[in-house]
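Here's the structure we're looking at; comments come further down.
Computed from a prediction, not measured in an experiment: that's the story for all the values here.
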Amino acid sequence: MSIDSFPILGIVLAVLSAALLTVGNFLQSRGVGARTEAGSGSIGVSQGIGLLREPQWLAGSALFGLAILVQLGALAFAPLIVVQPVGVIALVFASLLTAVVTKTPPSRREVTSIAVCVAALAAFVAVAASVSDQTTITDAQLIAVLIVLLVVLAITFAALIGLRGHRVPPVMFVVLGGLYAGFVATLGKTVILRIQTAIMVDDYTLDDRNLLTIACAVGIAVAGALSIYFVQTAHTVATPQVVVAGLTVVDPFVAVVLGITVLNEAASAPPWSFLAFAVFGAAAMWGVWSLARQTTEDTVSERASA
């Protein structure tokens, strides 16, 4: 019996992580709002230092960090393709928390957007789980994931440089936060598997294989730092619900796509499944966009009436 023989425990931990993420994200949003200008789309050095003195942001960051640790624990007990999609329940938690705090029920359009996100992503992963093959990750595949991460990093910075001086779409920060969180989860699962293998075979020598594991850890650190930065920036231009949507929809979407295209987990999948991936993935992204537009319109209306 191995540690990955308890998938139900992994699912339970993933739900707990989603709850911690929701509350932590809400507190971080409050903290960022208290220290930065709403709609600025950036966090300067002075604002960053100010966040370190903001109790709400510190409490939210602590819960956010705990959510990541619990999520890594979940990955130790269940496959990536099972654990990551569970986080979409954070959308429901975020909507309920906002409704309780503001004493305002979510609008019908907001509920529809969240329902589309949850249903589409659930269908996406259900298809992926039914046609995918879980195989041992080879060194070549792991190197490919790291190369993809480097390419995404280059494209991200090129896009940000190109958009300098122009208004960056608010949803872009949300998507980038979820995008890099997906790399953290994918590489994190790999590191966990390799550490488990090293413990089982009592192999702690510093060879090429272990150096690759160290490279994965560096990739996790870089992707994690960028995810945190973009999430905090997203808080200046988007509501907590939209930020959670980006983390819980884009994150598993990226993880599943990497599993299909790089790790060959869908090598034996029938052609119809790829059409399903495209349709359900597009529907989930539409849900995020719709939720972002709805909350932005609500914010503008509130400011106009103030």
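- Of the inter-residue distances, the one linking Leu176 atom CG with Leu226 atom CG reads 9.0 Å to the nearest 0.5 angstrom.
- A donor-acceptor pair is defined here as one N or O able to donate and one able to accept, closer than 3.5 Å; no such pair exists between the side chain of Ser17 and the backbone of Val70.
- Ring pair Tyr180/Phe183 is tilted by interplanar angle, where 30° to 60° counts as tilted.
- Taking each heavy atom of Leu149 and Ala223 in turn, the nearest pair found is CD1-CB, 4.4 Å.
- For the pair Ser29 (side chain) and Asn25 (backbone), a donor-acceptor distance under 3.5 Å is absent.
- A heavy-atom distance below 4.5 Å is found between the side chains of Ser107 and Glu110.
- Taking CZ of Phe64 as the start and CD1 of Ile228 as the end, the distance is 6.5 Å to the nearest 0.5 Å.
- In terms of heavy atoms, Leu75 sits closest to Ala185 at CD1-O, 3.8 Å.
- In the hydrophobic clustering of ILVMFWY residues, with side-chain heavy atoms under 4.5 Å counting as a link, Val23 and Leu69 come out apart.
- Phe26 and Val100 fall into different hydrophobic clusters, where Ile, Leu, Val, Met, Phe, Trp and Tyr are joined by side-chain heavy atoms under 4.5 Å apart, directly or via other members.
- Heavy atoms only, all atoms of each residue included: Gly177 and Val231 are closest at CA-CG2, 4.2 Å.
- One finds the OG atom of Ser61 at 10.5 Å from the CD atom of Glu54 (value rounded to the nearest 0.5 Å).
- In this structure, CG on Leu20 lies 11.0 Å from CD1 on Ile68, to the nearest 0.5 angstrom.
- By the 4.5 Å heavy-atom criterion applied to side chains, Leu27 and Trp57 are not counted as neighbours.
- Met172 contributes atom CE, which lies 11.0 Å from atom OG1 of Thr233 (distance to the nearest 0.5 angstrom).
- Hydrophobic clustering keeps Leu97 apart from Val111 (ILVMFWY residues linked when any side-chain heavy atoms are closer than 4.5 Å, directly or through intermediates).
- Proximity of Gln71 to Leu16: side-chain heavy atoms (C-beta onward) are nowhere separated by under 4.5 Å.
- In terms of the side-chain hydrogen bond (donor to acceptor under 3.5 Å, both in side chains) criterion, Ser227 has no residue partners (sequence neighbours excluded).
- The closest side-chain heavy-atom distance from Leu153 to Leu150 is below 4.5 Å.
- Although no hydrogens or angles enter the test, the distance criterion places a donor-acceptor pair under 3.5 Å between the side chain of Thr104 and the main chain of Thr102.
- In terms of heavy-atom proximity, Leu72 sits nearest to Gly188 at CD2-CA, 4.4 Å.
- Minimum interatomic distance between Gly24 and Leu63 (heavy atoms only, all atoms of both residues): CA-CB, 3.8 Å.
- A search for side chain to side chain contact (heavy atoms under 4.5 Å, CB included) contacts involving Ile220 returns Val184, Leu187, Val191, not counting sequence neighbours.
- Both Ile147 and Leu212 are assigned to one and the same hydrophobic cluster, defined by single-linkage of ILVMFWY side chains at heavy-atom distances under 4.5 Å.
- Between Ala283 and Ala120 the shortest heavy-atom distance is CB-CB, 3.7 Å.
- The closest side-chain heavy-atom distance from Val175 to Phe230 is not below 4.5 Å.
- Between the CZ atom in Phe173 and the NE2 atom in His235 there is a gap of 13.0 Å [rounded to 0.5 Å].
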